[in-house]
Amino acid sequence: MESTISGVGVIDKAMTIISVVERQEQSLADLVTSTGFSRATAHRLAAALEVHGLLRKDNEGRYTIGFRAVSLAQAVGEMSMADKALPALAELRDSTGESAQLFVVEGSTRVCLASLESPHGLRTIVPTGAILPLGKGSGGRVLGGETPGSEDWIESVAERETGVASVSSPIIVDGEVVAAVSVSGPIERMSTEPGNLHGVAVVRAASAIAAALT
């Protein structure tokens, strides 16, 4: 079953092992049979892949897909989420005139998957990839488990950053909160009650993104 797809032998052989394990857990003997590699080659490559988290051993010593591979697959899914959210984020940015962001939970933090900046010179800038706390700021509170009121949005004023106000709404798919969409800007434009200004637009964006994800 040896593969020479890329012409880089060691990578092709490593991917052959991953492909075999992806279909079914494999003992070292199984890997030798399934790949046609020598026992020494199969062991060396599987052990290296295990070190990098792409494979792991189960309780019976069989190789299975590692948690690093799972996280990479999740990252691909999140990139797809960002792509699908962009039209609604653009509409939110354009309708409010403020910066719009998409956040997801990562461990004990939240990560900005997508960010579109306000056209105003004075604006909130949250770079794509920024890591922010849970439980602080409207987006952090949404993803931290706080339940929005009857309006379906949460607002914050100078909570995470001085001079900044924001409004966020959960993106719910199959009954679960998978992300949060936010709009943020300077308090002088957003006011001390930003939800009254932009809550409806944020909830509309959350619904549009949820629909795009299903």
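Bear in mind the structure is a predicted one, so any value in this text is a computation, not a measurement. The figures here come from the full heavy-atom set of this structure, side chains too, leaving out hydrogens, waters and symmetry mates. Residue numbers count from 1 along this sequence.
Note that CG of D152 and OG1 of T147 are 10.5 Å apart. Values are rounded to the nearest 0.5 Å. The distance from the CE atom of M81 to the CG atom of L86 is 12.5 Å, given to the nearest 0.5 Å. Atom CD1 of residue I154 and atom CG of residue L143 lie 9.5 Å apart, to the nearest 0.5 angstrom. Separation of atoms CD1 (I11) and OG1 (T16) is listed at 11.5 Å; rounding is to 0.5 Å. Separating the OG1 atom in T214 from the NZ atom in K84 is a distance of 8.5 Å, to the nearest 0.5 Å. In this structure, CZ in F103 is found 8.0 Å from OG in S138, a value given to the nearest 0.5 Å.
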### Task
Could you walk me through whether V183 and S166 pass the side-chain contact (heavy atoms from CB on, under 4.5 Å) test, one step at a time?
CA-CA 6 Å; V183 65; S166 68; over 6 Å; no
- Verify side-chain contact (heavy atoms from CB on, under 4.5 Å) between T128 and L113, making sure each step is shown before the conclusion. CA-CA 6 Å; T128 299; L113 282 190; 5.9 Å; no
Item checked: Derivation of the side-chain contact (heavy atoms from CB on, under 4.5 Å) call for L122 and R189 -> CA-CA 10 Å; L122 181 60; R189 283 199 309 269; 4.2 Å; yes
Might you work through the side-chain contact (heavy atoms from CB on, under 4.5 Å) test for V105 and L134, ending with a clear yes or no?
-> CA-CA 8 Å; V105 173; L134 289 177; 4.2 Å; yes
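Connection of V178 to V203 is established within a shared hydrophobic cluster, with ILVMFWY side chains joined at heavy-atom distances below 4.5 Å, either directly or through further cluster members. Under the 4.5 Å side-chain heavy-atom criterion for Ile, Leu, Val, Met, Phe, Trp and Tyr, L116 and V167 are members of the same hydrophobic cluster. In the hydrophobic cluster analysis, where Ile, Leu, Val, Met, Phe, Trp and Tyr join through side-chain heavy atoms closer than 4.5 angstrom, V200 is grouped apart from L89. Residue I187 is not grouped with residue V202 when hydrophobic side chains (ILVMFWY) are merged at heavy-atom distances under 4.5 angstrom, including chains of intermediate members. Note: the hydrophobic cluster containing V20 does not contain V32 (ILVMFWY, side chain heavy atoms under 4.5 Å, direct or indirect links).
No side-chain heavy atom of S156 sits less than 4.5 Å from a side-chain heavy atom of K136. Residues V164 and V157 fail the side-chain proximity criterion, which asks for heavy atoms closer than 4.5 Å. Side chains of I209 and V181 form a contact here, defined as non-hydrogen atoms less than 4.5 Å apart. For the pair V21 and Q24, the minimum side-chain heavy-atom distance is 4.5 Å or more. The side-chain heavy atoms of L213 and I171, taken from C-beta on, include a pair separated by under 4.5 Å.
Taking each heavy atom of E98 and P186 in turn, the nearest pair found is OE1-CD, 3.9 Å. When all heavy atoms of P170 and A206 are compared, the pair lying nearest together is O-CB, 3.5 Å. When every heavy atom of A201 is checked against every heavy atom of T96, the shortest pair comes out as CB-CG2, 4.0 Å. Between L92 and A100, the shortest heavy-atom distance links the atoms CD2-CB, 3.9 Å. Closest approach of P194 to T192, counting heavy atoms only: CD-C, 3.4 Å.
Side chains of S27 and D30: a donor on one and an acceptor on the other come within 3.5 Å. The closest side-chain donor-acceptor pair between S34 and Q26 falls under 3.5 angstrom. Side chains of T124 and S99: no donor on one and acceptor on the other come within 3.5 Å.
Of the possible donor and acceptor atoms, one in the side chain of T33 sits under 3.5 Å from a partner among the backbone N and O of A29. A distance-only check finds no donor-acceptor pair linking the side chain of T35 to the backbone of I17 [under 3.5 Å].
The 12-atom threshold is exceeded at CD of E151, counting heavy atoms of other residues, nucleotides or ligands nearer than 6.0 Å.
Within the structure, side-chain hydrogen bond (donor to acceptor under 3.5 Å, both in side chains) pairs that include any residue of residues 175-185 comprise Q101-S184, S168-S182 (at least two apart or interchain). Within the structure, the side-chain hydrogen bond (donor to acceptor under 3.5 Å, both in side chains) test picks out the following pairs touching residues 195-207 (sequence neighbours left out): E193-N196. Listed by first then second residue, pairs satisfying side-chain hydrogen bond (donor to acceptor under 3.5 Å, both in side chains) with a partner in residues 108-122 read E117-R123, not counting sequence neighbours. Among residue pairs with one or both ends in residues 159-169, those qualifying as salt bridge (charged side-chain N to carboxylate O under 4.0 Å, His left out) are R141-E159; sequence neighbours excluded.
Judged as a salt bridge (Lys or Arg N to Asp or Glu O under 4.0 Å), and not counting sequence neighbours, D174 has no contacts.
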Pairs of donor and acceptor atoms involving the side chains of residues 36-54, under 3.5 Å and at least two apart or interchain, shall be tabulated with distances.
residue: S38; atom: OG; partner: T41; partner atom: N; Å: 3.1
residue: S38; atom: OG; partner: T41; partner atom: OG1; Å: 3.0

